[in-house]
Every structure is written in C-alpha cells, then in structure tokens.
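In this text, all values refer to a predicted model and were calculated from it rather than measured experimentally. In what follows, every chain begins at residue 1, and chains take the letters A, B, ... in the order their sequences are listed.
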There are 2 protein chains.
Amino acid sequence: MSEPGLVAVFAALGDDTRWRILIALGEGEASASALAGRLPVTRQAIAKHLAVLEEAGLVEPVRVGRELRYRALGSELGRTARELDRIGAEWERRLALIKRLAESPADGEASSSA
Amino acid sequence: MSEPGLVAVFAALGDDTRWRILIALGEGEASASALAGRLPVTRQAIAKHLAVLEEAGLVEPVRVGRELRYRALGSELGRTARELDRIGAEWERRLALIKRLAESPADGEASSSA
DNA sequence: TTCGAGTGCAACCGTGAGGTTGCAGTCAAT
DNA sequence: ATTGACTGCAACCTCACGGTTGCACTCGAA
C-alpha cells in the first residue's frame, strides 16, 4: 500500500502539461518557478501538477536554499512499465489461446497438448 | 519522439472504471451490455469507456451476430510499457550521473552561486 | 534592515469527463 | 409478423480538473 496506486500513476501521466513538466525535469531538477518560465502556464498550475506527480511517486522534492526543486524519478516509471507489460502479456497469451482453439478443426483432432 | 498516442493511452488507463472493464475483458470478450451486467454502471457509460479504450488502441471490437463484443489488446500495453521503461531508464541514468558528480572529490559545480 | 525572489494558500472560473435517462432503430428468432 | 435483445444517438446533470488571480509569508542577499 505504500506504493502509489497504478491507476493514480496513469492518471498523472495522462496529462500533456504534466508530461512537459516531466520532460523538463528529465533534463535536471527545477523549481516550480523555473518551470513556469519555460512552460506557458502559471507557477501555481505547475505547483499543482507537481503535487499530483509527487503523489504518484513520479517526482521528488529537493530543498535548495529557499528554493524547492523537483527531480524526476525513473524508478516508478520502471515499476509501472513492468506491471503493464505483465498484464499485456497475459492478455496476449489468452488471446493466442483462444485463436488456437478457434482454428483447431472440430473433428477427431484430439489429444494435442495436455 | 514520443508517439502522439502515448498520453491518450495513459489518460485511458487513468480511470478506475476503465480498468475494471479491461480486467473483465481480459477474461474474455464481452459486449457492452454484458459488461453492464457485471459492473455497477450503465451500458451507455460502458460504451463510452469502450470508445475511449478503442481510440487508445487498448481494445478491439468484434462483431458476433447482432452483438458487438470487445477484446482486450495486450500489444498496445506492451508497447506503452517499453516506452515507459525507456524514459524511466534515461532519467535514472541521468540521476546516477548527477549523484556521481556530486560525490566526486574537489570538483563540485562551482558555476552556480552556491 | 530592507528588498526581492520564491513559496503557500485560497477563492474563483470554464470546460470536459463520467454518468444517467430516454428513445429510436435494427436484426434474430419464434 | 411480432417480439425481444442489443445497439446507437442525444440531452442532461454534476463535479473534479486544469488554470488563473490575488495575497500573505518566509528567508536569503544587498
């Protein structure tokens, strides 16, 4: 439960502005104010987005003097990716199985795999 | 060079009801009506969600008589997972690099006023 | 000490997403 | 031919989300 919910992570990643923030952070830490200088939105909007991203575990705050910078965390992305891949693979497996059954002749073609 | 659909996929995955639909579909194709029987939402709500999921490439329609069933596609999940992993790994790499620099002896980035 | 950069909080706004109800159309089976 | 299941619009509602403005506060530096 300590981990942020999968759905929350996806919801966080499902916004364009948030991605722009993440990409920007990918090039190095930055504060909300600094990001506001680069993106066409207000500092406060950025701050809200950063809160969402932090909640999702995609970003981490770092104090530097009176500045509050954020750093992009790849680990959560990695974990999410693995989870996604697992689920997707499962669906594909099942789908392949179904197709296999559908294509198998309904005759006396029994006893293939067991 | 992220594909234009990436964010759409995440947005589609960022909803709880949609996940429940996907999980249900993961166990086999089903129509909107059938799904409405299993989930605590209306058939129409499900239909809208299915439209979103189809748009994101996560689901595929299959006609069966007058029924319109949907099937979960693992391939898109797989592709998305790979993309996620790539980006996450890049951030981690950069982060490791920064930490390395910070720990190196008398170097330290003296360029900034700190 | 004063000044300014940077942050935090709160109120407010418009739009769209998630959901519902209602109705009309279509097609398979009896 | 009738019926019933299933689909496809369309209108409508509510509320959270993305965004803004405004103000108060803190703290580092001149």
Name each donor-acceptor pair under 3.5 Å that joins a side chain in residues 6-16 of chain A to protein atoms two or more places apart or in another chain, with its distance.
from	atom 1	to	atom 2	distance (Å)
A/Asp15	OD2	A/Thr17	N	3.0
A/Asp15	OD2	A/Arg18	N	3.0
A/Asp16	OD2	A/Arg20	NH2	3.3

Show me, pair by pair, the donor-acceptor contacts under 3.5 angstrom made by side chains of residues 24-40 of chain B, not counting sequence neighbours?
from	atom 1	to	atom 2	distance (Å)
B/Glu29	OE2	B/Arg71	NH2	2.8
B/Ser31	OG	B/Ala34	N	3.1

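Taking atom CG of residue A/Leu50 and atom P of nucleotide C/dG6, one finds them 15 Å apart after rounding to whole Å. Spacing between atom CG of A/Leu68 and atom P of D/dT26 amounts to 17 Å, rounded to whole angstrom units. Between A/Leu35 atom CG and C/dG6 atom C1' there is a gap of 13 Å when expressed in whole angstrom units. Nucleotide C/dT15 holds its C1' atom 17 Å from the CG atom of A/Asp16, rounded to whole Å. In this structure, the CD atom of B/Glu54 is 14 Å from the P atom of D/dT7, given to the nearest Å. In this structure, A/Glu55 places its CD atom 12 Å from P of D/dC17, rounding to the nearest Å. For B/Ile21 and C/dG19, the CD1 to C1' distance is 12 Å, given to the nearest whole Å. Rounded to an integer number of Å, the gap from OH of A/Tyr70 to C1' of C/dT7 is 10 Å.
Across C/dT7, D/dG19, C/dA5, the shortest atom-to-atom separation from the side chain of A/Arg66 is found for C/dA5. The side chain of A/Lys48 approaches D/dG19 more closely than any other nucleotide in the set D/dG19, C/dG18, C/dG6.
When heavy atoms are screened at a 4.0 angstrom cut-off, A/Arg18 is found touching the sugar-phosphate backbone but no base atom.
Nearest-nucleotide positions on DNA chain D for B/Arg69 and A/Ala11 put B/Arg69 closer to the 5' end.
Hydrophobic clustering (ILVMFWY, side-chain heavy atoms < 4.5 Å, transitive): B/Leu84 and B/Leu22 are in one cluster. Under a hydrophobic clustering in which Ile, Leu, Val, Met, Phe, Trp and Tyr are joined whenever their side-chain heavy atoms come within less than 4.5 Å, directly or via other members, A/Ile23 and A/Leu58 fall into the same cluster. Under the 4.5 Å side-chain contact rule for hydrophobic residues, A/Leu50 and B/Ile87 share a cluster.
Contacts between residues 36-44 of chain B and DNA chain D, defined by a heavy-atom separation below 4.0 Å, involve B/Arg43, B/Gln44, listed by number.
Phosphate contact (OP1/OP2 of C/dA5, side-chain N/O of A/Ser33, threshold under 4.0 Å): absent. One finds a side-chain N or O of B/His49 lying less than 4.0 angstrom from the OP1 or OP2 phosphate oxygen of C/dG19.
Residue A/Glu55 places its CD atom among 12 or fewer non-hydrogen atoms of other residues, nucleotides or ligands, all under 6.0 Å distant.
Atom-to-atom distance recorded for A/Asp85:CG and A/Glu92:CD is 8.5 Å, nearest 0.5 angstrom.
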